[in-house]
2 protein chains.
Amino acid sequence: MRLLRGHASVTRAISAQLVAEHGLTINDYEALLHLAKAEDGRMRRVDLAERLILTASGVTRLLDGLEAGGLVERASCASDRRVTYAVLTETGRTKLRESSKSHIADVRTFFEERYSSDELQQLADLLGRLPGAGSAVEGDCSA
Amino acid sequence: MRLLRGHASVTRAISAQLVAEHGLTINDYEALLHLAKAEDGRMRRVDLAERLILTASGVTRLLDGLEAGGLVERASCASDRRVTYAVLTETGRTKLRESSKSHIADVRTFFEERYSSDELQQLADLLGRLPGAGSAVEGDCSA
DNA sequence: ACGCTATAGTTGATTACGCAACCAATGGTA
DNA sequence: TACCATTGGTTGCGTAATCAACTATAGCGT
């Protein structure tokens, strides 16, 4: 675990910039990002939770905030009435575009200050094997 | 940041075992560990905070719990009356010994399942450059 | 057609932590 | 020596996340 200790300070530093500049936490940001990359800008809440490594309730509350800010909306699924989609709004998409510029720059700077691109590649390979880095295709509600 | 996402699940998994088997969170455990490695089993709270990557207040509360469990005590410093030491008690030392066995095994298992020893070394080198991994010698109250 | 189990999501209580404000000592420096 | 910036520590408050309990569907197997 010692190994992973550094995570806290890194995340905090980067997250703080994001909050200060755009009013988004890292999870807010990454939720928007996942939605943006998903088909139709929508995901089932449960799939989003898995991607963000949050519990279902964590996602409920995260999305509460984003909905309140008008960045996402809910939509229901015709074929399964249990599911609620989180859908990126146009506002949300814009917000993401705006914030990604500086955020990506911040992250890049942070890592490039300490690692060469080879090392970065290595790091990505190694850390990519941890759970939660998977990239399986999620189920769609198109039945 | 994507890179560091895996951290959450790993920490949770390992921490859960520790809590279930010994009633200690990872921070509890590592606090005891740092104290055990320190001279006389004691550290200034502020130094402990730095090691654990917690704020001063975080450490205050962490130690509250450990004190309540009789695992650490407070001691004051003769030469600087601002400082309070956290001191490992005999009970605490025993607790640490007990829990370290299974915890170390758990961690080892977790990492050895996914990485070769070379890779582990690489990972340690790379992650060791993140802030909070430093190993500077801390000030002692022996003036 | 009926019940049983699994899945999606929400809510209440609790926890862990950070930040800001604060107090008390320290240790220059004017 | 009187002041003031710095350091160690605690406390109040807010936030993000967990877990457990719950509701509502879904989709079996008999």
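Quick note on labels: first sequence line is chain A, next is B, and so on, each numbered from 1.
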If you go through the side-chain atoms of [X], does one of them form a donor-acceptor pair with the base of [N] closer than 3.5 Å?
X: Arg81(A); N: dT25(D); answer: no
X: Arg74(B); N: dG9(D); answer: no
X: Ser57(B); N: dC19(C); answer: yes

Would you mind telling me which residue lines up with the more 5' stretch of DNA chain C, Arg12(A) or Val59(A), judged by nearest nucleotide?
-> Val59(A)
So, does Thr89(A) use its side chain to make a donor-acceptor pair with the main chain of Gly70(A) at under 3.5 Å?
-> yes
Nucleotide nearest Thr55(B) when distance is taken to its side chain, options dA26(D), dT18(D), dC19(C) | dC19(C)
With a non-hydrogen cut-off below 4.0 angstrom, is Thr60(B) in contact with a base, only sugar-phosphate, or nothing?
-> base
For Leu54(B), answer base if it contacts any base atom (sugar-phosphate contacts may also be present), sugar-phosphate if it contacts only those atoms, and nothing otherwise; contact means non-hydrogen atoms under 4.0 Å.
-> sugar-phosphate
Rounded interatomic separation in angstrom, taking [atom1] from [X] and [atom2] from [N]:
X: Leu62(B); N: dG18(C); atom1: CG; atom2: C1'; value: 14 Å
X: Asp28(A); N: dT15(D); atom1: CG; atom2: P; value: 13 Å
X: Leu52(B); N: dG9(D); atom1: CG; atom2: C1'; value: 16 Å
X: Arg45(A); N: dT23(D); atom1: CZ; atom2: C1'; value: 15 Å
X: Ile26(A); N: dA17(D); atom1: CD1; atom2: C1'; value: 15 Å
X: Arg44(A); N: dT25(D); atom1: CZ; atom2: P; value: 17 Å
X: Glu50(B); N: dG8(D); atom1: CD; atom2: C1'; value: 13 Å
X: Tyr29(A); N: dA16(D); atom1: OH; atom2: P; value: 19 Å

Phosphate OP1/OP2 of dA17(D): any Asn27(A) side-chain N/O under 4.0 Å = yes
Considering only heavy atoms from C-beta outward, does the side chain of Arg44(B) approach that of Cys77(B) to under 4.5 Å?
-> no
Any side-chain donor near an acceptor of the partner, [X] and [Y], under 3.5 Å:
X: Gln121(A); Y: Asp125(A); value: yes
X: His7(B); Y: Thr11(A); value: no
X: Asp106(A); Y: Thr109(A); value: no

In terms of the nearest nucleotide of DNA chain D, which residue is placed more toward the 5' end: Val46(B) or Arg61(B)?
-> Val46(B)
Walking DNA chain D from its 5' end, the first of Thr25(A) and Arg82(A) to be reached, judged by nearest nucleotide, is Thr25(A)
